[in-house]
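Just so you know, ligand 1 is whichever comes first in the structure, and atom 1 is the first atom listed for that ligand. Given the structure is predicted, the values throughout are model-derived calculations rather than measurements.
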Amino acid sequence: MCTVRPVRNPHAGHPFTAADFSDEEIAAFLDDLSVPALLLACVHLCLPEERDSILDGPLRPTGSFLNEYQGFMAPEDLRAARALALGLIVDWRDRGCPEPEPLADGMLERMMAWIVAADVGAEYVPMMAEELELDGVDTRASGPVEGASDYPVVVIGCGMSGLLAAIRLGQAGFPYIVVEKNDGPGGTWWENRYPGARVDVGSHFYCYSFEPADHWSAFFAQQPELAAYFERVMDKYGVTEHVRFGTSVERAEWDDDTARWTVELDDGTALPCRAVICAVGQLNQPFVPDVPGTFAGPAFHTARWPEDADLVGKDVVMIGAGATGFQIAPAIADEVRSLTILQRSAQWMFPNPGYHEMVGPGVPWAIEHLPFYGRWFRFLIYWPGCDAGLIAAKVDPDWPDQEHSVSEVNDLTRVMFTEWITSQVGDDPELVAKVVPTYPATGKRTLQDNGSWLRTLTRDDVELVRAGVDHLEPDAVVDTDGDRHPADVVIWATGFRPNDFLVPMEIIGRDGTDLRRAWGARPRALYGVTVPDFPNLFLMYGPGTNLASGGSIIAASECQMTLIDSCLRLLVSGTHQSIEPTQEAYDDWYERTQAEMRTMVWASPHIEHNYYRNENGEVHTLNPFRLVDYWTWTRTVDPDDYTLR
Ligand code: NAP
C-alpha cells in the first residue's frame with residue numbers, strides 16, 4: 001500500500017533540533033522579536049491544552065499603533081514573556097517540532113483581538129484570515145483555468161503589480177507577454193535609485209502575501225533590496241522569459257469584430273491578444289516644472305538619478321521636498337558642500353523612531369522556524385494602518401476650523417504630529433515656523449520620520465527655504481521670493497504626474513474611442529479596474545486606487561488581481577469573447593467614489609498644493625473607501641455589473 005506523506009504547512013516552521021539551535025541561541029534570537037507575535041507563535045506550537053493559559057495570561061499587549069511591535073508591553077513583561085516563550089519553544093523543539101494542531105473554533109478571532117488588544121470586528125476577520133494564510137494555502141492563486149491557453153494576455157509594465165499579474169496568469173495557464181519600458185523589473189523600485197530611497201510601509205507587510213518575508217535586512221527596506229526582491233520573485237515564478245524589457249507600448253487597439261487587442265510596441269512589433277492588463281502605476285512619469293532660464297551644470301530628476309552623479313563638495317540646490325526630497329536630504333548632507341532645499345509646502349510627518357532600524361538575526365530565524373511568527377508579524381503591521389487612518393481623514397462638516405483641521409480626531413492628529421516636530425526642534429522658533437504645516441494633518445501624503453530630516457535641517461551647511469522656484473540661471477536657482485541660490489548641481493525632487501493616467505500610451509477601445517480623451521480630467525474605472533467600451537482591458541493601480549490613509553499598494557494590487565482573475569475565469573468559462581462593466585455600474589461607482597471623496601481631507605480647499613488633486617481640485621487618484629470594503633468588492637466578479645459577449 002502506498003501512503004502519501006502530508007505536506008507540512010509552509011508557515012508551520014521548518015523543524016530544527018538542539019544540535020541546530022541550542023537554548024542559548026534561541027534565547028538570543030528571541031531578543032530581536034516582536035513579543036506579541038512571538039507569543040501567538042507559541043499559542044500555535046504549544047500543546048492545545050496550554051493555549052488558553054497564554055491567551056488568558058497576564059503577559060499581553062495593551063494596545064496597538066502603527067510600527068509599534070511590542071504592543072506597549074512593559075519591559076519586565078517583555079522579559080517574562082520571552083522566558084515563557086523560550087520554555088515552550090525548547091519543549092516543542094525537543095518534541096520534534098510537530099506541525100501545530102489546528103486552532104479550535106473561535107480561537108482565530110480571539111488571537112486577532114489579543115494581539116491588537118481590541119476587537120477587530122467580525123467583518124474584518126475573513127480579510128485578515130486570508131492575509132494570515134494559517135492553513136498554508138494561497139487562496140488567491142488561480143488554479144489552472146480550462147481553456148485559458150486560447151486567451152493570450154499582454155501585461156503592460158513589470159513593476160510590482162504587473163509582476164503580480166504575470167505570476168497569477170501563469171498559475172492559471174494563460175499565455176502572456178509582459179512589456180516593460182525599463183531594463184529590469186520593479187517599476188518605481190527600479191527607477192528610483194536616489195540616495196536614501198526606502199519604503200515607508202513595513203517591509204514584512206510590503207511584499208507579496210504569498211512569498212516568505214524572511215529575507216528583509218531592514219524593517220523598512222532600501223531600494224536596492226526591493227529591486228532585488230522583485231528580480232528574485234520574477235525568476236522564481238518563471239516570469240523572466242515572458243518579459244520584453246527595454247520596450248514601450250505606444251498604442252493598443254481593440255477590434256470588436258475579432259474581439260482581439262493589438263498592442264503596438266516601440267520596436268515596431270504588434271502583439272495580438274485577447275486581454276490587456278495595464279499595470280503602469282501612478283508614479284512613473286516624472287514631473288519637472290517648466291520654469292524660465294537655463295542651468296549650465298548637472299540637473300536631474302530624482303527618478304533619473306545618474307549613476308555617476310557626483311555631489312561631493314558641491315553646492316546643491318534641491319527643488320521640492322515631498323516623500324522623495326525628505327529622504328534625499330539626510331542621505332547627501334554629509335557629502336555636499338552646501339544643500340539648499342526649496343520646499344513650497346511643509347510636510348506632516350508621522351513619528352517612526354525605528355524607521356532606519358536593521359532587522360536582527362532572530363527575525364529571519366523566527367519567520368523560518370517558528371509556526372506562523374511571520375504571518376502574525378505581518379498582521380501586526382497591517383492592522384493598525386488598515387482602516388484606522390481613514391477616521392482622521394474624514395471631514396466633520398460641523399468642525400469649526402476647517403483651515404487647520406477637519407475634525408476632532410484630525411485635530412488630535414495635528415497636535416500629535418506637531419508635538420513630534422517641536423520635541424525635536426522646539427528651541428528654534430524660526431525653524432518650527434518653517435516646518436510645521438498649517439493645513440490639516442494627513443491632507444497630503446504623510447511622511448515617515450525618525451528625526452533624520454529635522455536633524456539635517458539644523459546643520460550649518462543645510463538651508464530650508466520655504467519658497468517655490470521662479471527661474472534658473474546658469475549657476476543658480478532663483479526662488480519665488482526673488483532670492484538667488486548659487487548651485488553646482490540642481491536636483492528636481494518635484495514628483496510625478498499621477499493625474500495623467502496611462503500617459504504616453506494611446507488606448508483605443510470600441511468604435512475608436514481614445515481612453516485618455518474619453519476620461520479627460522476625470523479618469524475612472526469600476527473598482528479602478530475596468531471601463532465600458534474597453535472590453536477585456538484591466539487596469540491595476542488605476543484611477544481611484546492609490547492609498548493615502550494606510551494599507552499597502554501591494555495588498556491593493558492583490559485585490560485588483562483577484563478581481564481580474566475572477567473576470568477572466570468568467571470570460572473563459574462561458575467561452576465568451578469579451579467582458580466589460582455596464583455603464584450603470586461604472587457611473588454608479590464613479591458617483592459614489594466622488595461623493596465619498598468630497599468628504600475627505602484630501603479634497604480640502606485649504607491645502608494649496610496637492611498632487612492627489614487634478615487641476616479642478618477633484619481627487620481621482622485615491623481610494624476613499626475602507627480597505628475591508630474594497631477587499632470585499634473585489635473578491636469576486638458580480639456578473640450583474642458586467643456585460644459578457
Ligand atoms: P511629491 O510628493 O509630489 O513632492 C514634490 C515636491 O516638489 C513637493 O515639495 C512640491 O511642493 C514640490 N513642487 C512640485 N511642483 C513644484 C513647483 N512647480 N515649484 C516648486 N516646488 C514644486 O513627489 P515625491 O516626493 O517624489 O513623492 C511622490 C510620491 O511617491 C509620494 O507621495 C509617495 O507616494 C511616493 N514615494 C514613496 C516613498 C516611500 O515609500 N518611502 C518615497 C518617495 C516617494 P508642494 O508640496 O507644495 O506641491
Heavy atom of the protein closest to [atom] (residue, atom name, distance):
atom                    : result
atom 12 (C) of ligand 1 : G320 CA, 3.7 Å
atom 29 (C) of ligand 1 : Y611 OH, 3.5 Å
atom 48 (O) of ligand 1 : R344 NH2, 2.8 Å
atom 24 (P) of ligand 1 : T324 OG1, 3.3 Å

H301 and its ring-ring contact (aromatic ring centres under 6.0 Å, His included) partner, picked from Y194, F496, W492 = F496

Shortest non-hydrogen contact from P624 to M600?
-> CB-CG, 4.2 Å

Cation-pi, W190 ring and R193 (6.0 angstrom, 45 degrees) | yes

Determine whether the side chain, the backbone, both or neither of [X] has a heavy atom under 4.0 Å from any heavy atom of ligand 1.
X    : answer
A197 : neither
E608 : neither
Y206 : neither
F287 : side chain
D200 : both
R198 : backbone
A321 : backbone
Y439 : neither

Apply ring pair (Phe, Tyr, Trp, His ring centres under 6.0 Å) to F210 and list each qualifying residue two or more places apart in sequence or on a separate chain.
-> Y208, Y237

Is it true that R232 and D235 make a salt bridge, defined as a side-chain N closer than 4.0 Å to a carboxylate O?
-> no

So, D200 and R445, do they make that salt bridge, N to O below 4.0 Å?
-> yes

Check the angle between the aromatic planes of F219 and Y69 and answer parallel, tilted or perpendicular using the 30° and 60° thresholds.
-> tilted

Could you establish whether Y194 and ligand 1 come within less than 4.0 Å of each other, counting only heavy atoms on the residue side?
-> yes

Side-chain donor-acceptor contact under 3.5 Å, E191 with N284 = no

